[in-house]
Amino acid sequence: EPEVTQTPSHQVTQMGQEVILRCVPISNHLYFYWYRQILGQKVEFLVSFYNNEISEKSEIFDDQFSVERPDGSNFTLKIRSTKLEDSAMYFCASSEALPPGNEQFFGPGTRLTVL
Amino acid sequence: DAKTTQPNSMESNEEEPVHLPCNHSTISGTDYIHWYRQLPSQGPEYVIHGLTSNVNNRMASLAIAEDRKSSTLILHRATLRDAAVYYCILRTYSNYQLIWGAGTKLIIKP
């Protein structure tokens, strides 16, 4: 069964450093998403991406964040200058078609620890 | 966005049916009802969704009230693997994102 994959599974970085989280969505999917979940808290939407541009973003997704689909398979989330409060699980998701009647498929997540 | 209300937690015995309720009294006519779950230390996983009619798939059934102001996710025979947080989420055409609440933590007792 096709699945979303994410690398690395765990990333440790120093405050102020740049990190890139990588995702490989399901191959025939057209819509891509990033969510995050701070330990013990709710899942929060960050950004959605379609046709090589951002289609929706939350207030969390400020100028420190960017997304890119550099080739036909990868989808990346970059945090330019990490803060302690960026420590969280980051989940990538993809869907085949537009909401609302289509499910999103999630990856296993990347645990980001900012020291 | 229309909101949902779910119990914080529920307990059930293994191999018994589980009914997880969700209230969404402000649902609009174009809102779909989605259910996802998150097993411990894993990413969220799609369970089922519906608009007006009851729905069945290999994982669960979704029963939607006639006025659509509430719905119930039914796990027909819970296993220990079904222990997770279950989220009821409303989605409309204008939203790409999923808006998550606190969900219901389902505890399965052997």
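Letters A, B, ... are given to chains in the order of the sequence lines, protein chains preceding strands, and every chain is numbered from 1.
- A:L21 and A:V24 are members of different hydrophobic clusters when ILVMFWY side chains are connected at heavy-atom separations under 4.5 Å.
- Scanning both residues, B:R91 and A:N102, for their nearest heavy atoms gives NH1-O, 3.0 Å.
- Summarising the geometry, atom CD belonging to A:E44 is positioned 13.5 Å from atom CG belonging to B:L98; distances are rounded to the nearest 0.5 Å.
- The hydrophobic clustering, which links ILVMFWY residues whose side-chain heavy atoms are closer than 4.5 Å, places B:L20 and B:I48 together.
- Of all the listed residues (A:S58, A:S55, A:C92), the one sharing the greatest number of non-hydrogen pairs under 4.5 Å with chain B is A:S55.
- When all heavy atoms of B:Q97 and A:E56 are compared, the pair lying nearest together is N-OE1, 3.0 Å.
- For A:F105, no part sits under 4.5 Å from any heavy atom of chain B, backbone or side chain.
- Around atom CG of B:N8, no more than 12 heavy atoms belonging to other residues, nucleotides or ligands sit under 6.0 Å away.
- Taking a 6.0 Å sphere around NZ of B:K69, one finds it holds 12 or fewer heavy atoms contributed by other residues, nucleotides or ligands.
- Contact annotation for A:Q6: neither backbone nor side-chain heavy atoms come within less than 4.5 Å of a heavy atom of chain B.
- Distance check: B:H34 NE2 to A:E103 CD gives 8.0 Å after rounding to the nearest 0.5 Å.
- For residues 35-45 of chain B, the interface with chain A (any heavy-atom pair closer than 4.5 Å) comprises B:Y36, B:Q38, B:Q42, B:G43, B:P44, sorted by residue number.
- In the hydrophobic clustering of ILVMFWY residues, with side-chain heavy atoms under 4.5 Å counting as a link, A:F49 and A:F61 come out together.
- Taking CH2 of B:W100 as the reference point, atom CD of A:Q41 lies at 15.5 Å (rounded to 0.5 Å).
- Enclosure of atom CZ in A:R111 is not indicated, since only 12 or fewer non-hydrogen atoms of other residues, nucleotides or ligands lie within 6.0 angstrom.
- Annotation for A:D63: atom CG does not count as buried by contact number, only 12 or fewer foreign heavy atoms lying within 6.0 Å.
- Residue A:L84 places its CG atom among more than 12 non-hydrogen atoms of other residues, nucleotides or ligands, all under 6.0 Å distant.
- Grouping the Ile, Leu, Val, Met, Phe, Trp and Tyr side chains by contacts below 4.5 angstrom, directly or via other members, places B:M59 with B:I33.
- Cluster annotation: A:F106 is connected to B:V85 through the hydrophobic network of ILVMFWY side chains, with a link wherever side-chain heavy atoms come within less than 4.5 Å.
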